[in-house]
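Just so you know, these numbers use all the heavy atoms, side chains as well, and skip hydrogens, waters and symmetry mates.
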Amino acid sequence: MIRAMVRNDFPILRRRIHGKRFAYLDSTATTQKPLSVIRAMDEFQRKYNANVHRGIYTLSEEATELYEGARKKVAQFIHANSEREIVFTRNATEAINLVAYAWGRANVHEGDNVVISVMEHHSNIVPWQMMGRELNYELRITDVDAAGLIDLRQLEQQITKRTKLVAVTGMSNVLGTMPPIANIARMAHRKGALVLVDGAQSVAHVPTDVRKLGADFLAISGHKMLGPSGIGALWAKQELLETMPPFLGGGDMIREVTLQSATWNDVPWKFEAGTPNAVGAIGLGAAVDYLQKLGMGNVHKHEQTLVAYALKKLRTLKGITIYGPLDARKKGGVIAFNVDGVHPHDLATLLDREGVAIRSGHHCAQPLLRNVFNVMATARMSFSVYTTKRDIDQCVAAIEKARRVMG
Amino acid sequence: MGEELYKEIILDHHKNPRHFGTLKKPTHQAHLENTLCGDEVTMQLKVEGLRIKDVAFSGSGCAITIASASLLTDAVLGKSLAAVKKLGTKDIDKLLGVKVGPAREKCAYLGLETLCKALGK
């Protein structure tokens with residue numbers, strides 16, 4: 001169980017907004033950071049900062065050890081076989097782009113296809129559109145129903161011998177639904193296609209074990225799992241990473257450079273050109289420590305309790321539309337909704353005045369909102385380890401007040 | 001700021017937008033969308049003798065978008081083209097009676113942007 005005390009670990013939650021208690025309900029956009037993460041980054045900058053993998057002196061060796069230690073923590077967190085399977089990136093978006101550019105250019109050709117779902121975040125749509133234009137492959141889109149379930153029958157038909165990749169979210173950032181990755185991976189692998197999972201949400205909210213997941217690539221976001229922004233990771237098996245050409249060129253990703261050519265460093269460093277975000281990686285390592293102490297199973301249970309509570313409370317209000325499943329067991333800690341007669345932007349502004357931060361808009365998933373739900377924008381509340389029932393109560397009271405104002 | 005953003009005047013223009021609809025023979029018109037949230041506004045004008053003889057707007061959006069477009073139509077009706085072309089975002093703030101803040105500027109100024117586009121400004 002996660003106790004309400006956890007909230008005290010997050011200094012920002014002590015802020016008052018417009019003179020009100022702060023109820024932060026936008027953790028799907030980004031999570032707040034516990035003091036241990038803030039301290040780890042601060043300590044690194046105060047005591048250990050040096051360029052990693054370069055210096056022979058003590059400080060650089062210490063910095064390298066901390067940076068590589070963070071890689072090990074991330075690897076263990078998702079049960080990777082080794083830390084060599086973790087490539088640090090800027091964010092989950094860059095991890096997906098790395099696959100699209102480095103692996104995609106080498107493996108997807110004219111006449112091939114890549115399959116994604118309509119439920120994807122823009123970060124798992126746009127790179128495949130861009131590469132599709134360059135490589136002339138076909139981008140196939142699998143439907144999702146109003147309950148947020150992927151049409152597996154259609155998916156099975158869409159995956160052919162020319163399918164090179166199925167790229168799908170591990171957890172929808174709008175509906176919170178979690179596609180059956182193991183099933184999808186079986187379908188894809190039968191036809192020789194690889195599977196990429198956009199784990200920006202799922203890794204932050206449910207236990208992840210890449211040995212059982214069935215995926216070939218997993219994109220991870222640091223700032224959505226209590227870590228800092230500017231750090232993410234790509235997981236893939238070492239043998240797969242080794243077959244891939246580099247993504248960005250520059251320092252640290254090379255073994256030897258002449259004026260004519262270069263040879264590449266070993267994986268994962270082959271994919272980490274330039275001075276990396278060491279302080280970000282160390283913050284992410286501290287976030288992993290924090291989550292592991294809580295236990296990801298507990299994190300998931302905590303959020304499901306909150307979702308069940310919030311759904312029950314929201315449904316007592318008149319004129320509320322909830323998008324996605326109404327069964328808390330079928331989703332992660334996020335609820336997209338609309339209030340009749342109150343535009344989501346007005347709702348978000350009015351809630352802000354009550355100290356409640358929610359998201360309003362298309363949540364970087366325009367195709368899902370437009371094609372499946374026929375709306376341009378929704379409100380969205382989302383949870384993390386520090387969210388309490390009191391936050392939800394404050395939000396529901398603010399929704400009622402907003403409706404009175406706009407009524 | 002409290003709920004002061006949603007002043008009486010804004011709520012009134014949101015619920016009862018003025019000049020909402022279409023003109024039969026507009027001399028100028030334009031349509032703009034706020035791609036962030038899907039709000040959209042169409043502005044139609046009838047310009048005669050360098051004056052705004054008639055104006056109408058239609059569209060859908062949040063209270064701020066609709067109220068500011070509605071207030072704008074009231075403000076430009078009967079005015080000279082030269083005066084209307086001088087209107088800026090500060091004038092919208094004045095009409096709304098409040099500065100909306102960076103997160104809602106796109107909503108507040110969508111009507112004005114559409115009007116400017118209609119007049120080829």
Side-chain angles (χ1 to χ4, degrees), chain A residues 16-21 26 29 122 125-126 174 321 323 336-380 397-407, chain B residues 1-18 20 31-42 57-72 89 92-93 95-114:
Chain A
R16 295 187 77 78
I17 302 290
H18 296 292
K20 306 276 168 60
R21 177 187 180 273
D26 197 17
H122 294 166
I125 299 175
V126 181
V174 179
T321 306
Y323 302 95
F337 64 101
N338 264 324
V339 181
D340 279 358
V342 187
H343 190 286
H345 277 15
D346 294 322
L347 186 71
T349 297
L350 287 161
L351 262 52
D352 177 56
R353 302 305 193 263
E354 299 300 317
V356 179
I358 61 155
R359 174 83 188 262
S360 66
H362 53 58
H363 321 299
C364 298
Q366 282 181 328
L368 173 67
L369 292 198
R370 250 188 237 151
N371 299 14
V372 179
F373 296 106
N374 197 26
V375 288
M376 293 302 292
T378 78
R380 181 186 73 181
I399 292 170
E400 284 182 311
K401 191 169 176 187
R403 207 166 32 191
R404 281 199 299 277
V405 172
M406 300 303 292
Chain B
M1 203 162 26
E3 292 88 67
E4 291 104 291
L5 176 56
Y6 292 87
K7 288 162 165 290
E8 272 311 307
I9 187 161
I10 293 178
L11 293 174
D12 174 34
H13 276 260
H14 169 229
K15 279 173 217 159
N16 309 296
R18 318 296 197 267
F20 195 83
H31 171 87
L32 275 181
E33 268 174 52
N34 178 351
T35 48
L36 269 178
C37 55
D39 285 8
E40 50 174 350
V41 167
T42 301
F57 88 101
S58 57
S60 64
C62 64
I64 305 294
T65 295
I66 297 301
S68 61
S70 169
L71 282 158
L72 182 65
T89 54
I92 299 295
D93 298 343
L95 288 172
L96 290 169
V98 64
K99 191 154 174 23
V100 293
R104 302 302 297 277
E105 276 178 358
K106 280 204 159 155
C107 317
Y109 306 147
L110 184 61
L112 178 69
E113 276 179 50
T114 314

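Residues A/M376 and B/G38 approach most closely at CE-CA, 3.5 Å, considering heavy atoms. Counting all heavy atoms, side chain and backbone alike, A/H345 lies closest to B/Y6 at O-OH, 4.3 Å.
Using a 4.5 Å cut-off between heavy atoms, B/L11 touches chain A through its side chain atoms alone.
Between B/D39 and A/H343 there is a side-chain heavy-atom pair separated by less than 4.5 Å. Two residues are said to be in side-chain contact when any heavy atoms from C-beta on lie closer than 4.5 Å; A/T349 and B/R104 meet this criterion. Looking at B/L5 and A/R353, their side chains come closer than 4.5 Å, going by heavy atoms from C-beta outward.
When each of A/Q366, A/H362, A/R370 is scored by its heavy-atom pairs under 4.5 Å with chain B, the top score falls to A/H362. Interface summary for chain A: among B/G61, B/S60, B/A103, the most heavy-atom pairs under 4.5 angstrom belong to B/G61.
For the 3.5 Å distance criterion, the side chains of A/D346 and B/H14 fail to qualify, holding no donor opposite an acceptor.
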